Amino acid sequence: MSFIDEVIGWYNNNKRDLPWRNTNDPYLIWLSEIILQQTRVEQGMPYYHRFAEKYPTISHFAAAGEDQILNLWQGLGYYSRGRNMYKTALMVMEEHGGYFPSQYEKLIKLKGIGEYTAAAVSSFSANEARAVVDGNVFRLLSRYFGIDEVINSPKGKKVFTQLANEVIDTGRPGLSNQAMMEFGSLQCRPANPDCGNCPLRTGCFACNTSSVQNFPVKQKKKATRDRYFNYIVVSDGEKVLMNKRTGKDIWENLHEFPLFETSHFVQAEELITTPGFRELFGENVKISLVHGPVKHILSHQRLFAQYIIIKGFEENFLMKKPWFYAKNDTLHDLAQPKLIFAFLKMFPTFNLI
DNA sequence: AATCCGGGGCC
DNA sequence: GGCCCAGGATT
């Protein structure tokens, strides 16, 4: 049996029953593939069900607004995926007559769809023979063939893409791609792979040289930076002051409390006496309560957030600011990062004030 | 080529 | 604390 025949044989006996494998609809497959980018199946599953139920077709999806998409995306991270999905939905309605494309060459032109996702959707929905190369495939190929090319580099990506397209079963590309990823995910997993029971062990370079932990070779990422977020909570118990983030920073278009960022940690009492603070929130503000600091890890940043509940906020300080009041019972309609929705979940009616 | 973009699970 | 996860866009 060839390499790919072994992988497919294993897949037929060990595959998980995942909902997006029971359809040929390129829209639903696209939905699942975007959700699963850099995201574990178990984490993305509830989101897939929510999206598929609320937006059963691309027309339903496009009829929503970006705010609604981001709201349903809340908590999943990498929010550009949600923003790009919405752009793609509009493109499909305008440029493809509301029919989600299934061909690689059309898919690759859409927002948020790169080589991996275009190969996945086209092979699963239309059986185009284009190999998917995700983290699972990198790992499986590098271990089995003993390839020490750095995977997170343009050259490495090229090398592994070529190899993946050489091993793909062109007679059944969709099945072949699914099998490669499932094998990498369950059998040839990152930590403690089950080499003793692996059907590929006799031909596997890494297994035969006891060097599984040496593959794949990956360039280490740069250290993260620290940021200090001071969230200013202004509430009368019925409504709360909110801000919608803009620009190229994290969490674009998500909502949060008015933010006062500092270059280092500053105690709340000291913070409100700094000149910049008074200019933003008024001369008469006083601290009611402080929550935190809360540590929050992102892929490239460490956030230290403290929530400063203040009183004495003057309404005329709303002038020329993007802030707005949101009623407590409408907060759930606003997409928020975890640092905000987790706080609101702890104090749903600001009963701490 | 390097960096940025979330949140969670595992070791 | 580091690594990884059905990656892609930007610079």
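Being a predicted model, the structure only gives us computed values, none of them experimental. Every chain is numbered from 1 and lettered A, B, ... according to where its sequence line falls, protein lines coming before strand lines.
Ring to ring, A:Phe51 and A:Tyr47 are not that close: their centroids are 6.0 angstrom or more apart.
For C:dC4 and B:dC5, the C1' atoms lie 16 Å apart once the distance is rounded to whole Å. With both ends at atom P, the span from C:dG8 to B:dG8 equals 22 Å, rounded to whole Å. Separating the C1' atom of C:dC3 from that of B:dG6 is a span of 15 Å, rounded to the nearest Å.
Using a 4.0 Å heavy-atom distance criterion, A:Gly114 is classed as a sugar-phosphate-only contact. Looking at heavy-atom distances under 4.0 Å, A:Gln178 makes contact with a base. A:Ile35 comes within contact range of no nucleotide atom at all, as no heavy-atom separation falls under 4.0 Å. Counting non-hydrogen atoms under 4.0 angstrom, A:Arg21 reaches a base of the nucleic acid. A:Ser80 comes within contact range of no nucleotide atom at all, as no heavy-atom separation falls under 4.0 Å.
Note on ring orientation: taking the six-membered ring where Trp is involved, the planes of A:Phe343 and A:Tyr307 are parallel (angle under 30°, cut-offs 30° and 60°). Relative orientation of the A:Phe347 and A:His291 rings is perpendicular, given thresholds of 30° and 60° on the angle between their planes. Ring geometry, A:Tyr27 versus A:Trp30: the interplanar angle falls from 30° to 60°, so the pair is classed tilted.
Note on A:Gln301: a side-chain N or O is less than 4.0 Å away from OP1 or OP2 of B:dC5. OP1 and OP2 of B:dA1 both lie 4.0 Å or more from every side-chain N or O belonging to A:Gln219. Taking side-chain N and O atoms only, A:Arg225 has no distance below 4.0 Å to OP1 or OP2 of B:dC4. Phosphate contact (OP1/OP2 of C:dG8, side-chain N/O of A:Thr117, threshold under 4.0 Å): present. An OP1 or OP2 oxygen of B:dG7 is reached within less than 4.0 angstrom by a side-chain nitrogen or oxygen of A:Trp251.
A heavy atom lying under 4.0 Å from DNA chain B marks the following residues of residues 146-170 of chain A, by number: A:Pro154.
Here the side chain of A:Tyr79 is nearest to one of C:dG7, C:dC3, B:dG6, namely B:dG6. Closest contact between the side chain of A:Gln37 and the listed nucleotides C:dG8, B:dG6, C:dA6 involves C:dG8. Among C:dC5, C:dA6, B:dG7, the nucleotide with an atom closest to any side-chain atom of A:Glu182 is C:dA6. Candidate nucleotides B:dC5, C:dA6, C:dC5 were compared by shortest atom distance to the side chain of A:Gln38, and C:dC5 ranks first. Listed nucleotides: B:dT3, B:dG6, C:dA6. Nearest to the side chain of A:His300: B:dT3. Taking the side chain of A:Asn84 as heavy atoms from C-beta on, and the options C:dA9, C:dC4, B:dG7, the nearest nucleotide is C:dA9.
Residues A:Thr262 and A:Phe260 are in side-chain contact: their nearest non-hydrogen atoms beyond the backbone lie under 4.5 Å apart.
Each of A:Arg16 and A:Lys248 was assigned the nucleotide of DNA chain C with the nearest heavy atom; the assignment lying further toward the 5' end belongs to A:Arg16.
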Report, one line per pair, each donor and acceptor closer than 3.5 Å where one atom sits in a side chain of residues 93-100 of chain A; sequence neighbours left out.
none

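Here the C1' atom of nucleotide B:dT3 and the CG atom of A:Asp249 are 14 Å apart, to the nearest Å. Computed from coordinates, the A:Phe183 CZ to C:dA6 P distance equals 15 Å when rounded to whole Å. The separation between A:Trp73 atom CH2 and C:dG7 atom C1' is 11 Å, rounded to whole Å. Spacing between atom CG of A:Leu175 and atom C1' of C:dA6 amounts to 16 Å, rounded to whole angstrom units. Atom pair A:Leu298:CG and B:dC5:P shows a separation of 8 Å (rounding to whole Å applied). To the nearest angstrom, P of B:dG6 lies 8 Å from OH of A:Tyr78. One interatomic measurement links the two molecules: CE of A:Met45 to P of C:dC5, which rounds to 18 Å at whole-angstrom precision. What separates CZ of A:Phe138 from C1' of C:dC5 is a distance of 14 Å, to the nearest Å.
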Polar atoms only, N or O, under 3.5 Å: list the protein pairs with nucleotides 8-11 of chain B and their distances.
{"unit_1": "B:dG8", "atom_1": "OP2", "unit_2": "A:Lys338", "atom_2": "NZ", "d": "2.8"}
{"unit_1": "B:dG8", "atom_1": "N2", "unit_2": "A:Arg40", "atom_2": "NE", "d": "3.2"}
{"unit_1": "B:dG8", "atom_1": "N2", "unit_2": "A:Arg40", "atom_2": "NH2", "d": "2.9"}

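A:Leu200 and A:Phe215 end up in different hydrophobic clusters when Ile, Leu, Val, Met, Phe, Trp and Tyr side chains are linked at under 4.5 Å.
Listed for the A:Asn71 side chain is a donor-acceptor partner under 3.5 Å among the backbone atoms of A:His332.
Counting heavy-atom neighbours within 6.0 Å of A:Glu269 CD, excluding the residue itself, gives a total above 12. In the displayed structure, A:Glu315 atom CD is contacted under 6.0 Å by more than 12 heavy atoms of other residues, nucleotides or ligands.
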### Task
Check the pair A:Asp17, A:Arg21 against salt bridge (charged side-chain N to carboxylate O under 4.0 Å, His left out), reporting the backbone distance first and the verdict last.
CA-CA 7 Å; A:Asp17 183 20; A:Arg21 286 181 178 155; over 6 Å; no
### Message
If you apply the rule side-chain hydrogen bond (donor to acceptor under 3.5 Å, both in side chains), what do you find for A:Asn253 with A:Glu66, and how did you get there?
### Response
CA-CA 9 Å; A:Asn253 293 356; A:Glu66 188 194 82; 2.6 Å; yes
